[in-house]
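Note that the coordinates shown come from a computational prediction; the quantities given were computed from them, not determined experimentally. Just the heavy atoms: all of them, side chains too, but no hydrogens, waters or symmetry mates, feed the values below.
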Amino acid sequence: MAELLAPAGNIESLDAAIGEGADAVYMGLKSFNARLRSTNFAWNQFEAAVNSLHRQGKKIYVTVNTVVEEYETERLYRFLSYLNQVGPDGLIVQDFAVSRMAQQFFPKLELHASTQMNVESAAAVNLLSKEGFKRAVVARELGLEEIKSIKARTNMELEIFVHGALCVSESGLCLFSSFLGGKSANRGMCTQACRRYYTAEGASGAKEGYYFSPCDLQLIEKIPDLMELGVESFKIEGRMKSAEYVGSVVAAYRYLMDHYKEDKKGSIAAAKRMLANDFARSKTTYWYGFSNVAEGVEKAGAAILNPNQAGGTGIYLGVIDQLKSPDEDAIKNAGEERIRMALLKGGSYDPDPGDSIRLHTKNDTGRVSHKVRTVSIDEKGNRWIDIPQGFSCGDSVYLLQIKSMSKRYPRVLPGDISHFRRQPGAERLPILDVTPVEKNELSYFPDGLYIQVSTLSDVFVVQAGHPVRVIIELNYETIPQLLEAKTVLPLSKKQLILSLDPYCPAGIEDELQQKIDQLCDMGYTTWIVNNLAHIAMLRSKKVHIIAGPYLYTFNRWAVSWLENQNIGAFITPFENSRQNVEATYERAVRSRVMITLFAYPTLFRIRFKLPDSYDFTYFTDKEGMEFKVNSTPDGSFVMPESPYSIIDKADLLRSNGFGHFLIDFSKTKVTKGYFKQISTAYYKQQVLPETSRFNWKDGFYSPEKIEAYRLANERQEQMQAESKNNFGKRTNRPTKQGARQSVRNGSNKRRR
């Protein structure tokens, strides 16, 4: 029997999920999870939940599904040690560092590969199986036949999403939110750039719409087929949704899973009726129903995108038209919570006390769910409702659930949880060194300038800049051209590197393996891999493998895990910062590292072509920032119009021990004039105008860092004030304590 897995973003949702018959729940704690904006669980609540659910024969999984910077690895180690003591049934992970630490220190922890790990093929699933993973949460952009293909080729458990919100970008590959301000989807800080309102420049002029806001997934009709395939776990998305939502969706899927064998048609109809009050976006079965990959690429866009559909969840209630302070009755009804009273305008339904709503700020920086507690009617007949602080006129409001759907469930947690007292401790993480470079080990990876292009014609343009290597992106155009070998390139195969696309679905897996085999036989010996499947496909070949920017290496533990896959060189992720790169790679091993100096980073990587009605290339957001989109047989790619560049920092990086630099023209046509401008800036160390530093200077957005900066500034101001008060007075200052003693890890050498 397949497992029904439900989200538990808070205690109420946990009660609803279990009360309606979920077999397992997944939840996040206060860090290292991809829904940092949800309530999440305190330490004692989590420990109590594990204890209670295990008594009921239910399972509980913890999301540890974000990438981790080097400075956070000790905190991660302590977190894993805590989880090892508490004993959840599995960890849903993205960063290879979690796997590396668990392998060495916590082998009892069961690992599940998060959808953020970008797993969508049997090759990737089987590689993870060999590395000790028990389950893979496969990418959402897969169809029934692809899941069937994976299931037939692996013994590992598969978990699939069956209901809830979709990402327009391929799993784990969205950089849009991070590019806009460091709030990375890979760090649980996504600001949902896909849900925003954009202005597009089409053939008929400017048009506005929610061009990249996908419908919600609903696979209720596909459950019988998926159960017959033997899929182990059906997952409902929604850790930021209300308890009512969780309860109603779990109830529908539970009913169908339990009754479809008795009456398939009737059970599906009954389950769909139970979902009728799911006041979310319009629904899609996404990639299910297409006969092949090519058909999906052509038609999925129309099935998932609707530019007229507001980006918010639920029934549109309008915008906040007026605000006022609450009266005494409203304050009493709301308890101690700080509220304001709002008058809505533009909707077709007036919310009542007990209804659940969701508020969205105009600039999409804040989204909060709220249960209406009080309604007051003024002398003009206007209905005012209570809303939380932090919202203003013009912000949008949506209906999530109505009061009549509310239901009380037995509590999962005991009334007294004071005796659950475990917390992460103060353990010291043993130091791990990246493997030193052996003599001649990196002969295929010389110091110097590397240039990446997307067409063979661009190879002729960029070779004038005398790069040590040219990287050719493998795509629908370059692969057949290389295989036909009709174009005589100006560089030898030794001077060329082939780069594989980071999305490798089951539908193209066999064909891609065949093409890789042919290219290897033709003499291409150096490859950049961006997906776990690529590692498996090249493992038996006599080739050199470089980890690309989409095999995220934000810390040395992730680097070590990839070293154990016989990868010796690494391209840093686009989102990385200088501080973190230097912390990850000590000077002695920086010859393993390539840093991207210039690129148009792909912000959305979309598996399908955009609908025919999307007759535009350029679009802008509300702040006037311009972006471009390109639809191809490989899917659609959204990039910034202004590139990322630290091209003027090459000499500084070189002085710090880095010697491999990349100018990346992927998805961009290279003209001679433009290339001359970029190469001149590189050799003369000039700042390129109208470019972005991405996260290179400031790093990821971090509430903890902002709070630390605030406290540091306050301490500095206090010290300055004290210095003025004590001017002329002699003070005795304490001496610095000795540096921390480190225990070196003796088992970090690469496996052969």
Side-chain angles (χ1 to χ4, degrees), residues 66-76 94-97 100 175 178-179 181-184 186-187 189 429 431-437 442 445-450 452 471 499 502 528-530 546-563 567-599 601 643-664 682 685 687 691-702 704-705 748:
T66 61
V67 295
V68 179
E69 289 191 287
E70 181 62 30
Y71 81 94
E72 299 170 302
T73 53
E74 186 161 79
R75 186 159 60 93
L76 174 64
Q94 176 183 14
D95 200 308
F96 303 132
R100 181 69 178 83
L175 304 181
S178 189
F179 187 80
K183 293 186 177 182
S184 173
N186 287 312
R187 299 271 292 171
M189 299 292 291
L429 173 64
I431 287 178
L432 174 74
D433 293 326
V434 175
T435 306
V437 179
L442 298 178
F445 192 58
D447 281 2
L449 178 64
Y450 293 66
Q452 180 159 330
I471 302 169
S499 179
I528 293 174
V529 298
N530 284 293
I546 300 168
Y550 294 98
L551 286 177
Y552 299 129
T553 48
F554 288 98
N555 58 76
R556 66 185 63 190
W557 290 85
V559 171
S560 177
W561 192 88
L562 288 170
E563 278 191 319
I567 294 176
F570 308 88
I571 302 175
T572 59
F574 290 111
E575 298 178 272
N576 220 342
S577 67
R578 174 190 169 185
Q579 181 181 22
N580 191 58
V581 171
E582 292 178 349
T584 301
Y585 299 97
E586 295 178 343
R587 194 178 186 97
V589 295
R590 290 176 182 173
S591 57
R592 292 194 179 281
V593 188
M594 184 187 296
I595 295 176
T596 303
L597 299 180
F598 176 94
Y644 156 74
S645 176
I646 53 168
I647 211 161
D648 53 300
K649 302 295 184 183
D651 280 353
L652 175 63
L653 289 165
R654 197 174 286 113
S655 69
N656 285 328
F658 297 101
H660 302 80
F661 304 115
L662 174 61
I663 293 177
D664 188 352
Y682 169 73
Q685 294 293 280
V687 176
T691 57
S692 163
R693 297 294 196 190
F694 206 161
N695 295 332
W696 182 252
K697 179 182 177 183
D698 298 325
F700 288 120
Y701 174 87
S702 169
E704 293 88 354
K705 286 183 180 179
N748 61 337

Quick one: pull up CD in E74 and CG in L429 and give me the separation to the nearest 0.5 Å. 6.0 Å
Quick check against the 3.5 Å criterion: does N695 have a side-chain atom that pairs as donor or acceptor with the backbone of E575? yes
My understanding is that only residues two or more places apart in sequence, or in another chain, count here; which of them pass salt bridge (charged side-chain N to carboxylate O under 4.0 Å, His left out) with E72? R75, R187
Nearest atoms (heavy-atom pairs only) where Q685 meets D651: OE1-N, 2.8 Å
Rounded to the nearest 0.5 Å, what separates atom OG1 in T572 from atom CZ in F570? 12.0 Å
Value rounded to 0.5 Å, distance of CG in L432 from CG in N555: 9.5 Å
Pair V529-I567, side-chain contact (heavy atoms from CB on, under 4.5 Å): steps then yes or no: CA-CA 10 Å; V529 298; I567 294 176; 4.2 Å; yes
Distance, nearest 0.5 Å, that separates CG of L76 from CZ of R100: 13.0 Å
Do F96 and L551 have side chains that approach each other closer than 4.5 Å (heavy atoms only, starting at C-beta)? yes
Judged by atom type as modelled, is there a donor-acceptor pair below 3.5 Å linking the side chain of H660 to the main-chain atoms of P446? yes
Would you please test N186 and S178 for side-chain hydrogen bond (donor to acceptor under 3.5 Å, both in side chains) and show each step? CA-CA 8 Å; N186 287 312; S178 189; over 6 Å; no
Note: A558 and Y552 closest approach over all heavy atoms is CB-O, 3.9 Å
Let me see the working for S577 and E69 under side-chain contact (heavy atoms from CB on, under 4.5 Å), right down to the final yes or no. CA-CA 10 Å; S577 67; E69 289 191 287; 4.0 Å; yes
Across all chains, not counting sequence neighbours, the side chain to side chain donor-acceptor pair (under 3.5 Å) partners of Y450 are none
Which pair of non-hydrogen atoms, one from V67 and one from Q94, has the smallest distance, and what is that distance? N-OE1, 3.7 Å
Can you give me the closest heavy-atom contact between N530 and S499, atom names plus distance? ND2-OG, 3.8 Å
For R590, the side chain to side chain donor-acceptor pair (under 3.5 Å) test, sequence neighbours excluded, returns none
With R693, which residues qualify under side chain to side chain donor-acceptor pair (under 3.5 Å), at least two apart? D648
When rounded to the nearest 0.5 Å, the distance separating NZ of K697 from CD of Q579 is 12.5 Å
Side-chain touch T691/I647, heavy atoms, less than 4.5 angstrom: no
To the nearest 0.5 angstrom, please state how far the CD1 atom of I571 sits from the CG atom of D664. 8.0 Å
How would you list, by chain and number, every residue that makes a side chain to side chain donor-acceptor pair (under 3.5 Å) with N580, sequence neighbours excluded? N576
Quick check on ring pair (Phe, Tyr, Trp, His ring centres under 6.0 Å): which of F554, F179, Y71 does F700 satisfy it with? F554
For the student: nearest non-hydrogen atoms of E563 and V434, plus distance: OE2-CG1, 3.4 Å
Is the shortest side-chain heavy-atom distance between L597 and L653 below 4.5 Å? yes
R592 side chain to G568 backbone, donor-acceptor under 3.5 Å: yes
Looking at A97 and D95, what are the two nearest heavy atoms and their distance? N-OD1, 2.8 Å
Quick one: which residue pairs count as a ring-ring contact (aromatic ring centres under 6.0 Å, His included) with a foot in residues 578-598, not counting sequence neighbours? F598-Y600, F598-F665
Are any side-chain N or O atoms of R578 and backbone N or O atoms of G699, one a donor and one an acceptor, separated by less than 3.5 Å? no
